[in-house]
Protein chains: 2
Amino acid sequence: MFFGEYSYRVDDKGRVPLPPKFRRELKLGMILTKGMEKCVTVYPAAEFKRLSESLAAKAVTPASLRKLTRSIFGSAFSASFDGQGRIVLPHALREYAQIGDTAVVVGANNSVELWSEDEWKAEKVSADEQAAKIIESFGE
Amino acid sequence: MFFGEYSYRVDDKGRVPLPPKFRRELKLGMILTKGMEKCVTVYPAAEFKRLSESLAAKAVTPASLRKLTRSIFGSAFSASFDGQGRIVLPHALREYAQIGDTAVVVGANNSVELWSEDEWKAEKVSADEQAAKIIESFGE
DNA sequence: GGAGTTGTGGGGAGAAATGGGGAAAAGGGG
DNA sequence: CCCCTTTTCCCCATTTCTCCCCACAACTCC
């Protein structure tokens with residue numbers, strides 16, 4: 001289970017540390033993909049496998065399955081830690097999420113997300129609003 | 001069950017004691033999150049797990065689930081006591097609740113809340129008014 | 001009044017964040 | 001096919017921060 005919000009510097013070589021608390025769950029390997037929103041999503045390798053299998057099982061037509069496969073696997077990169085607990089952020093993903101020299105690392109239960117500071121600021125507001133709505137609706 | 005109101009000093013390292021009476025219930029671990037109001041909410045680890053699972057079960061669309069997950073898990077931090085019964089207040093949460101060098105610790109049944117002095121003063125008035133209304137309505 | 005508990009502060013060992021060097025590998029052009 | 005350039009990966013170094021321990025004064029409870 002991943003949670004918490006951390007801010008890290010991305011150095012000239014594109015390296016980003018992940019929080020020590022996240023490392024044990026990712027030590028066995030991880031997959032980086034384009035997130036649904038403008039972020040990079042990091043899955044533990046086992047979680048990614050489980051996820052991609054369950055998606056493949058649901059996408060029935062051959063055409064949609066091919067597209068799904070391309071979308072998911074085409075933007076997926078494997079990553080692992082260096083001696084200091086950092087991973088290298090692939091150019092394509094870094095550009096997609098518009099991450100400059102600072103990355104915000106967000107725990108999201110069974111995955112980890114990497115955001116640019118600006119995008120995260122905006123998303124946080126939107127996420128909090130959505131959450132408040134859902135929680136309020138419990139009273140009904 | 002937590003109740004009562006206590007005031008503590010937050011030292012230079014961001015440490016805050018919790019009342020001795022609260023410690024046994026939190027000894028097995030606790031989760032700090034942004035409260036719905038401008039405060040920090042502390043859940044016993046087990047309570048947080050139960051809560052997050054019940055939320056995940058209710059939020060139907062994938063998009064709203066992602067946002068809810070970000071809002072809940074993104075602002076959650078685990079904490080534990082040092083030898084003197086203190087916890088460290090993460091920067092992000094301290095800033096959110098605008099807690100300076102004094103924190104008001106409030107028992108709230110199944111959770112604990114941390115407030116800045118000013119925000120608590122205002123909330124207390126508002127909470128008392130609301131409580132009076134609700135209690136009055138019981139007679140109807 | 002005394003012993004234990006609690007609030008508050010600080011120091012130090014170890015971990016973590018950050019930066020850089022250099023060897024090995026990959027890629028491209030002649 | 002070879003050589004040169006570029007990138008990747010691993011290791012080392014330094015500063016910062018975190019966590020754990022100790023200390024002490026105030027207070028509580030017996």
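Below, chain A is the first sequence line, B the second, and so on; all start at residue 1.
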Min side-chain heavy-atom separation Val104(B)-Tyr8(B) under 4.5 Å: no

Closest non-hydrogen atom pair between Phe3(A) and Ala76(B), with its separation: CD1-O, 3.1 Å

Report the distance from atom [atom1] of [X] to atom [atom2] of [N], rounded to the nearest whole Å.
| X | N | atom1 | atom2 | result |
| --- | --- | --- | --- | --- |
| Asp82(A) | dG21(C) | CG | P | 17 Å |
| His91(A) | dT7(D) | NE2 | P | 8 Å |
| Ile87(A) | dA17(C) | CD1 | P | 13 Å |
| Phe81(A) | dT8(D) | CZ | P | 19 Å |

5'-most by nearest nucleotide on DNA chain D - Gln84(A) or Val88(A): Val88(A)

5' precedence on DNA chain D between Ser80(B) and Arg86(A) (nearest-nucleotide basis):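 Per heavy-atom nearest nucleotide, the more 5' residue is Arg86(A).
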
I'd like to know if the side chain of [X] reaches the main chain of [Y], judged simply by a donor and an acceptor atom lying under 3.5 Å from each other, with no hydrogens or angles considered.
| X | Y | result |
| --- | --- | --- |
| Ser71(A) | Lys67(A) | no |
| Arg94(B) | Gly100(B) | yes |
| Arg70(B) | Lys124(A) | no |
| Ser137(B) | Ile134(B) | yes |

Nucleic acid contacts - residues 2-28 of chain A versus DNA chain C, non-hydrogen atoms under 4.0 Å: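 Tyr8(A), Arg9(A), Asp11(A), Lys13(A), Arg15(A), Pro17(A), Pro20(A), Arg23(A) - these, ordered by number, are the residues of the stretch whose heavy atoms sit under 4.0 Å from the strand.
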
